[in-house]
Amino acid sequence: MERIYLSGSTGYIPGRVNVGLFQTKNGFWMVDSGIDDEAGRKIARFVEELGVPLQRIITTHSHADHCGGNRFLKKRTGCSVAATKLEAIIIEETFLEPLLLWSAFPFAELCNKFLQAKPSTIDKVIPNKGIIDESGLEAVPLPGHYLDMIGVRTPDDVFFIADSVFSEQIIEKYAIMFVLDVGSALETLSFLEKVNAAWFVPSHAPAVQDIVPLANANRKGLLRVSEAVLECCSRPSGRDDIVQALADRFSLSMSVSEYLLNSAAISAHLSWLRKEGHISPVVTRGRLVWKKNS
């Protein structure tokens, strides 16, 4: 596996999900673990070839592509896993992720590694702000994307910022970025633009020294979706109507899993537009529909 050094003892393993590495005299601390056993196996081999023990995985949040390698790596290396309280609950009970998307126990098509990682035990529940442990790594709250997602900042001034931003290529391809709280996500982007760090490492984009252009691209992407949702509400529209309209508008094809993720993201935009006073919900003929306020 390739490791990219950034500063001092900090680097990362690039991939579909970038995995952070911070080395101390006692071994490696890792930020996230990839999507499945295979990702964990590759990381374990990499660490073993270096002859440096893996001490702990700091999991930024409980989405499957960030914690799917936890169980394999714990068993193979004996490392511990840390996460914030809310994210820890889902990492240990991973059926909750598809359950939250579907609002009921998930049906078969949702029980896949993209939505439901293998559960892993959390050894240390950490606060979402402040020094995590003896490594000197610092947790930084990055609200908006999921329940209690954190970034991790190393003593080398490298800031792993999880899913607070996505690459411009991903935004262009998928259009609807997953988010649970649009307002908080926008605030996080504004926060990142003001942060001074030697390097920023998103989970789904290459490391950069200037995060402002990428934060701006993500803001534009979020607001573009909100504007499209608001336009749909010019006439009474249910969530499914809006998902369909945006799929047509952005030329999106979706699997069942992608449909549920997009539906949840659209719900977040509807909640935000309601909070901002732009739309109102009403139940008519057994359907919840949204109408633009005059």
Side-chain angles (χ1 to χ4, degrees), residues 4 6 10-22 29-35 39 43 56-70 81-91 97 114-115 117 120 122 125-130 132 135 137-154 156-168 170-171 174 177-182 184-195 197-208 211 214-215 217-219 221-222 261 264-265 268:
I4 297 177
L6 295 175
T10 305
Y12 73 101
I13 300 170
R16 291 183 64 182
V17 176
N18 294 328
V19 172
L21 291 173
F22 177 68
W29 266 247
M30 197 166 76
V31 180
D32 293 333
S33 65
I35 194 167
I43 292 168
R56 174 165 289 165
I57 302 167
I58 310 297
T59 306
T60 60
H61 64 296
S62 56
H63 279 162
D65 56 337
H66 293 259
C67 66
N70 285 5
V81 176
T84 58
K85 184 178 179 180
L86 283 176
E87 302 292 352
I89 292 169
I90 296 181
I91 293 168
E97 184 177 343
F114 300 102
L115 295 184
S120 54
I122 297 299
V125 174
I126 57 176
N128 67 6
K129 185 177 184 180
I132 293 169
S135 67
L137 295 174
E138 179 188 2
V140 180
L142 297 175
H145 178 71
Y146 210 44
L147 299 174
D148 194 16
M149 186 177 75
I150 59 168
V152 178
R153 190 163 186 160
T154 81
D156 298 316
D157 203 26
V158 176
F159 193 4
F160 293 95
I161 57 174
D163 285 2
S164 57
V165 299
F166 297 90
S167 72
E168 292 188 57
I170 289 175
I171 296 170
Y174 294 104
M177 297 295 98
F178 184 85
V179 63
L180 283 189
D181 184 336
V182 174
S184 292
L186 291 169
E187 290 173 4
T188 290
L189 293 173
S190 296
F191 163 74
L192 289 174
E193 289 175 327
K194 299 171 186 175
V195 170
W199 286 95
F200 297 85
V201 187
S203 293
H204 302 285
V208 294
I211 197 62
L214 195 53
N218 277 262
R219 180 184 295 106
L222 276 174
L261 290 167

From [atom1] ([X]) to [atom2] ([Y]), nearest 0.5 Å:
| X | Y | atom1 | atom2 | answer |
| --- | --- | --- | --- | --- |
| Ser167 | Tyr174 | OG | OH | 9.5 Å |
| Ile170 | Met177 | CD1 | CE | 7.0 Å |
| Met149 | Ile161 | CE | CD1 | 8.5 Å |
| Leu192 | Arg219 | CG | CZ | 9.5 Å |
| Ile58 | Phe22 | CD1 | CZ | 11.0 Å |
| Arg153 | Leu137 | CZ | CG | 12.0 Å |

Q: Report the C-alpha distance between Leu222 and Leu186 in whole Å, list the side-chain angles of each, state the deciding distance to 0.1 Å, and finish with yes or no for side chain to side chain contact (heavy atoms under 4.5 Å, CB included).
A: CA-CA 8 Å; Leu222 276 174; Leu186 291 169; 3.9 Å; yes
Q: Please state whether the rings of Phe159 and Phe200 are parallel, tilted or perpendicular, taking 30° and 60° as the class boundaries.
A: tilted
Q) When the ring planes of His61 and His66 are compared, do they come out parallel, tilted or perpendicular, using 30° and 60° as the limits? A) tilted
Would you check if [X] and [Y] make a side-chain contact, meaning some heavy-atom pair closer than 4.5 Å?
| X | Y | value |
| --- | --- | --- |
| Val17 | Ile35 | no |
| Asp32 | Thr59 | yes |
| Asp65 | His204 | yes |
| Tyr146 | Asp163 | no |
| Ile4 | Pro14 | yes |

Heavy-atom pair with the smallest gap, counting every atom of [X] and [Y]:
| X | Y | answer |
| --- | --- | --- |
| Leu21 | Phe160 | N-CZ, 4.1 Å |
| Ala139 | Pro127 | CB-O, 3.7 Å |
| Asn70 | Ser33 | OD1-OG, 2.6 Å |
| Lys129 | Pro141 | CB-CD, 3.9 Å |
| Ser62 | Cys67 | O-SG, 3.6 Å |
| Val179 | Gly144 | CG2-O, 3.2 Å |

Q: Just do the side chain to side chain contact (heavy atoms under 4.5 Å, CB included) check on Val31 and Val19 with the steps written out, would you?
A: CA-CA 6 Å; Val31 180; Val19 172; over 6 Å; no
(Q) Please evaluate residues Ile150 and Ile126 with respect to the criterion side chain to side chain contact (heavy atoms under 4.5 Å, CB included), reporting the C-alpha separation (whole Å), side-chain torsions for both, the decisive distance (0.1 Å), and the verdict. (A) CA-CA 10 Å; Ile150 59 168; Ile126 57 176; 3.9 Å; yes
Q. Side chain to side chain contact (heavy atoms under 4.5 Å, CB included) between Trp29 and Val152: does it pass, once the steps are laid out?
A. CA-CA 11 Å; Trp29 266 247; Val152 178; over 6 Å; no
Q) So with a 6.0 Å cut-off around CD of Glu168, is the heavy-atom count from everything else above 12? A) no
Q: Could you tell me whether the side chain of Asn218 and the main chain of Val165 form a donor-acceptor pair under 3.5 Å?
A: no
Q. Can you tell me if His145 uses its side chain to pair, donor with acceptor, with the backbone of Phe178 under 3.5 Å?
A. yes
Q: Go through Thr10 and Thr154 one step at a time and tell me if the side-chain hydrogen bond (donor to acceptor under 3.5 Å, both in side chains) criterion holds.
A: CA-CA 7 Å; Thr10 305; Thr154 81; 2.9 Å; yes
Q | Donor on one side chain, acceptor on other, Thr84 and Asn128, under 3.5 Å | A | no
